[in-house]
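Only a predicted model underlies this, so the values are computations on that prediction, with no experimental measurement involved. Proteins come first, then strands; the chains are lettered A, B, ... in the order of their sequence lines, and each starts at number 1.
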Protein chains: 2
Amino acid sequence: MNIGVAAARSGLPAKTIRYYEEIGLVRPPRDVNGYRAFGERDVAMLVFLGRARSMGFSIEDCRRLLSLWADQERASADVKALAREHLAEIDAKIAGLRTMRDTLDHLIGQCAGDDRPDCPILESFSAGRPSG
Amino acid sequence: MNIGVAAARSGLPAKTIRYYEEIGLVRPPRDVNGYRAFGERDVAMLVFLGRARSMGFSIEDCRRLLSLWADQERASADVKALAREHLAEIDAKIAGLRTMRDTLDHLIGQCAGDDRPDCPILESFSAGRPSG
DNA sequence: GTTGACCTTCCAGCGACTGGAGCCCTTATC
DNA sequence: GATAAGGGCTCCAGTCGCTGGAAGGTCAAC
């Protein structure tokens, strides 16, 4: 099947699929005309990649997950370890964003939001007074 | 003052400061030897930028905030509106990450994490069975 | 034979830096 | 005066994961 069909069936843009081929995540064979010829297995890999990416795994993590997936001798412990590391990263990111969020929310609460120039938000970003 | 001192005082890497000049966020004058000559006002701007960036504002938002900061005729409502928009973006990002986090956490909880190959995490990424 | 949808490659750009090469300037020491 | 260390300078390339667009080849339908 051509890339358009593979794209529709996997939910990934054709551009993204070409990119995944470029970085060696998928290796569809080629027809005589040079078109990529995707098989069911390729589509399954693309679906897998789409889902792993949607869980925030990096491309390199996806590469590892894909090889674990293909490896019938794998230990689920290896997958779990990878997932746990990623979970920790997500948690860290959420924590950082929450700190941001709370600080910003607090500042917004302090700002009158009228036509006067006084603004606690700007003041909190200042190390003194602007001169211009 | 030279870029090294401005970097130390603002907490920003020298490289970042050069980048901010390149994109027109700061415009320090030059000494005869070609070195950037930062004044107190420049340092104040850099501190401002560092704090605004640490709140997750984009460079373009920072540009707007900086011009509001410099504008004595500003209305705090404009700042507040910008901050509110940004807060909404942060909230959306947190919500997305939380969904990811919960899904992943759930999958991790289902995975035995032993030396056997069966893995609900990989299965959830699959649209069937891997063939290799 | 011509239209139009599809496919191909290649190059450039996004955001916000960061690293490194290769060079110049200044200061201190011998 | 030579030299070395520790700044500074510019410019180019790379990060991450795509995305857009140009220029051209292929294929099915009319």
How would you label the contact of Ile23(A) with the nucleic acid (heavy atoms, under 4.0 Å): base, sugar-phosphate, or nothing?
nothing
Side-chain N or O of [X] closer than 4.0 Å to phosphate OP1/OP2 of [N]:
X	N	result
Tyr20(A)	dG17(D)	no
Asn33(B)	dC9(D)	no
Thr16(B)	dT18(C)	yes
Arg18(B)	dC9(D)	yes

Just the rounded figure in Å: distance from [atom2] of [N] to [atom1] of [X].
X	N	atom1	atom2	answer
Glu60(B)	dG15(C)	CD	C1'	10 Å
Met1(B)	dG8(D)	CE	P	12 Å
Ile17(A)	dT8(C)	CD1	C1'	15 Å
Ile3(B)	dC25(C)	CD1	P	17 Å
Glu21(A)	dC7(C)	CD	C1'	13 Å
Phe38(A)	dT8(C)	CZ	C1'	12 Å
Arg53(B)	dA16(C)	CZ	C1'	6 Å

Hey, are Arg27(B) and Glu21(B) close enough for a salt bridge, meaning a charged N less than 4.0 Å from a carboxylate O?
no
Whether Arg116(B) and Asp114(B) form a salt bridge (side-chain N of Lys/Arg under 4.0 Å from carboxylate O of Asp/Glu) is what I want to check.
yes
Would you please indicate yes or no on a ring centroid separation below 6.0 angstrom for Phe125(B) and Trp69(A)?
no
DNA chain C: 5'-proximal contact among Lys15(B) and Ile59(B) (nearest heavy atom)
Ile59(B)
Comparing Phe57(A) with Ala14(B), nearest DNA chain D nucleotide closer to 5' gives the residue Ala14(B)
Go through the N and O atoms of the side chain of Tyr19(B) and the base of dG15(C), and report whether any donor-acceptor pair is under 3.5 Å.
no
With no hydrogens and no angle check, is any side-chain donor or acceptor of Arg53(B) less than 3.5 Å from a backbone partner on Phe57(B)?
yes
